[in-house]
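A quick write-up on the structure given underneath.
Here the structure is a predicted model, which means the values were calculated and not measured. Each chain gets a letter, A, B and so on, in the order the sequences are listed, and its residues count up from 1.
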There are 2 protein chains.
Amino acid sequence: MTTPPKIHRPDELTFEVVDLIGAVVARYHAEYEEAAAEHTLTGAQARLLSLLSLEPLPMRKLAQRLRCEPSNVTGIVDRLESRGLVERRPDPADRRVKLAAATEEGRQVARSLRESLRFAREPLAGLSEDERLALRDLLRRMLAD
Amino acid sequence: MTTPPKIHRPDELTFEVVDLIGAVVARYHAEYEEAAAEHTLTGAQARLLSLLSLEPLPMRKLAQRLRCEPSNVTGIVDRLESRGLVERRPDPADRRVKLAAATEEGRQVARSLRESLRFAREPLAGLSEDERLALRDLLRRMLAD
DNA sequence: TATTGTTATACTCTATAACTATA
DNA sequence: TATAGTTATAGAGTATAACAATA
């Protein structure tokens with residue numbers, strides 16, 4: 001009989017946490033798409049509109065934030081613009097640049113979208129305030145880089 | 001001076017946690033797609049293959065797990081099957097049903113995919129074991145329903 | 001009749017490459 | 001020449017509706 005080799009695997013606990021996060025991701029994603037659909041938006045449109053509800057951005061910057069190619073942004077902004085939720089403005093400083101900006105209606109939709117995200121109610125409601133605080137701090141540390 | 005009104009809004013802290021989870025979701029999603037791409041898989045293909053690496057499933061059940069329409073599953077399984085990662089088997093108990101199952105190669109790819117998910121290393125590595133334990137328990141409670 | 005899986009269709013998202021207008 | 005945005009193209013995911021085989 002040989003003693004079992006002491007393999008240093010990437011950590012059982014870490015894998016378990018990763019799986020749990022995977023489950024949270026799946027649920028969040030599903031509920032985000034649902035909330036978007038209730039506003040007749042796709043997920044990508046909802047994400048872009050939410051970004052623009054904070055501040056106008058050049059098309060290029062939008063692509064970076066959405067982690068996609070600039071050519072995609074053209075179509076998504078096109079669809080939102082045709083619905084009057086977003087508009088393109090010239091950049092006075094550089095005539096090559098177009099600034100995408102949410103319209104007043106766009107900002108309203110973004111606000112409504114944010115509030116209709118069920119995720120805030122169901123899964124988080126089960127936690128006490130202390131637990132939510134603890135969760136907040138752990139998530140902050142995770143994302144701190 | 002009037003005392004500040006005691007408005008009971010949907011909870012500032014909860015919104016903050018939801019935003020943090022949104023950030024985690026975005027990062028997890030991006031890194032999952034990246035890991036899938038390294039194996040020449042799309043995200044949807046990777047998710048389906050991961051499900052099948054645990055157990056064979058009827059097409060219908062796969063659609064439910066992936067939260068999409070059954071008609072979509074046909075195409076995703078087609079593409080995985082043409083690469084020899086998945087196969088369709090008859091269900092002895094019900095001849096209408098087709099069981100999708102990962103091949104040996106498919107299970108290997110699923111294992112490699114799981115291990116290549118950077119997410120386990122970078123963001124979680126910053127947490128101590130105690131913190132990972134605390135995070136695990138909080139996530140479990142969140143998902144408990 | 002109801003259910004399983006598929007096909008047909010249309011739309012959106014996606015990356016790549018080529019184009020235009022500015023810089 | 002380099003950059004910002006667009007267009008063209010092709011592949012993949014998605015939902016809807018209609019269909020064949022089986023229950």
Side-chain angles (χ1 to χ4, degrees), chain A residues 26 29-52 56-83 85-101, chain B residues 26 29-52 56-83 85-101:
Chain A
H29 194 264
E31 293 184 8
Y32 193 89
E33 296 281 326
E34 225 175 273
E38 282 168 20
H39 293 77
T40 337
L41 294 170
T42 65
Q45 288 166 8
R47 280 187 288 279
L48 193 152
L49 182 59
S50 295
L51 277 179
L52 291 188
L57 290 170
M59 303 294 280
R60 210 84 187 176
K61 199 77 184 175
L62 265 176
Q64 290 168 359
R65 293 282 182 83
L66 295 171
R67 289 169 180 262
C68 73
E69 293 300 313
S71 59
N72 302 327
V73 176
T74 300
I76 303 175
V77 167
D78 280 350
R79 280 161 223 128
L80 289 171
E81 192 168 32
S82 74
R83 287 179 54 185
L85 302 178
V86 158
E87 62 185 13
R88 273 179 251 235
R89 302 175 188 161
D91 181 340
D94 186 337
R95 296 201 331 224
R96 292 173 303 180
V97 173
K98 289 178 190 168
L99 293 172
Chain B
H29 193 264
E31 293 185 7
Y32 193 89
E33 296 281 327
E34 224 176 274
E38 282 168 20
H39 293 78
T40 338
L41 294 171
T42 66
Q45 287 166 10
R47 281 186 287 279
L48 192 152
L49 182 58
S50 295
L51 276 179
L52 291 188
L57 289 170
M59 303 295 279
R60 208 87 187 173
K61 199 78 185 173
L62 265 176
Q64 290 168 359
R65 294 283 182 84
L66 295 172
R67 290 170 178 261
C68 73
E69 293 301 313
S71 59
N72 302 327
V73 177
T74 299
I76 303 175
V77 168
D78 280 350
R79 280 160 223 130
L80 290 171
E81 192 168 33
S82 73
R83 288 178 54 185
L85 302 178
V86 157
E87 62 184 13
R88 275 179 248 235
R89 301 173 188 163
D91 181 341
D94 185 338
R95 293 198 334 218
R96 292 174 302 181
V97 173
K98 288 177 189 168
L99 293 171

*C:dT6 OP1/OP2 closer than 4.0 Å to side-chain N/O of B:Arg88*: yes
*asked:* Just to be sure I understand the geometry, which residues of residues 57-68 of chain B put a non-hydrogen atom under 4.0 Å away from DNA chain D?
replied: B:Cys68
*Keeping to residues at least two apart or across chains, list the side chain to side chain donor-acceptor pair (under 3.5 Å) pairs with something in residues 58-68 of chain B.*
none
*How long is the line joining CD of A:Glu69 and P of D:dA4, in whole Å?*
13 Å
*Given C:dT14, D:dG5, D:dT14, the nucleotide with the shortest approach to the side chain of B:Ile76*: D:dT14
*Give the rounded distance in Å between these two atoms: CZ of A:Arg83 and P of C:dT12.*
10 Å
_Could you tell me how far apart A:Asp78 (CG) and C:dT12 (P) are, to the nearest whole angstrom?_
11 Å
*Is there a side-chain contact between A:Leu85 and A:Leu41, using heavy atoms and a 4.5 Å cut-off?*
yes
*Distance check: side-chain N/O of B:Lys98 vs OP1/OP2 of C:dT6, anything under 4.0 Å?*
yes
*Side-chain heavy-atom pair B:Leu62, B:Ile76 within 4.5 angstrom cut-off*: no
Please write out each protein N/O paired with an N/O of nucleotides 18-23 of chain D under 3.5 Å, distance rounded to 0.1 Å.
residue, atom, partner, partner atom, Å
D:dA23, OP1, B:Arg95, N, 3.0

*Over how many whole Å does the gap from A:Asn72 atom CG to D:dG11 atom C1' extend?*
13 Å
_Heavy-atom nearest nucleotide on DNA chain C for A:Gln45 versus A:Pro70: which residue maps closer to 5'?_
A:Gln45
*Considering residues at least two apart in sequence or located in another chain, which fulfil the salt bridge (charged side-chain N to carboxylate O under 4.0 Å, His left out) criterion with A:Arg88?*
A:Asp78, A:Glu81
*Among all residues two or more places apart in sequence or in another chain, which pass the salt bridge (charged side-chain N to carboxylate O under 4.0 Å, His left out) test with A:Glu69?*
none
_Just verifying a value: how many Å separate B:Met59 CE and B:Leu99 CG, rounded to the nearest 0.5 Å?_
10.5 Å
*Atom CG of B:Leu99 and atom P of C:dG5: how far apart are they, to the nearest Å?*
8 Å
*Which value, rounded to the nearest 0.5 Å, describes the distance between A:Ser50 atom OG and A:Leu48 atom CG?*
9.0 Å
*asked:* Among residues at least two apart in sequence or on other chains, which ones pass salt bridge (charged side-chain N to carboxylate O under 4.0 Å, His left out) with A:Arg83?
replied: none
*Nearest-0.5 Å distance, CD of residue A:Glu33 to CZ of residue A:Arg47*: 6.0 Å
_Base C:dT14 to side chain A:Ser71, donor-acceptor N/O within 3.5 Å cut-off_ = no
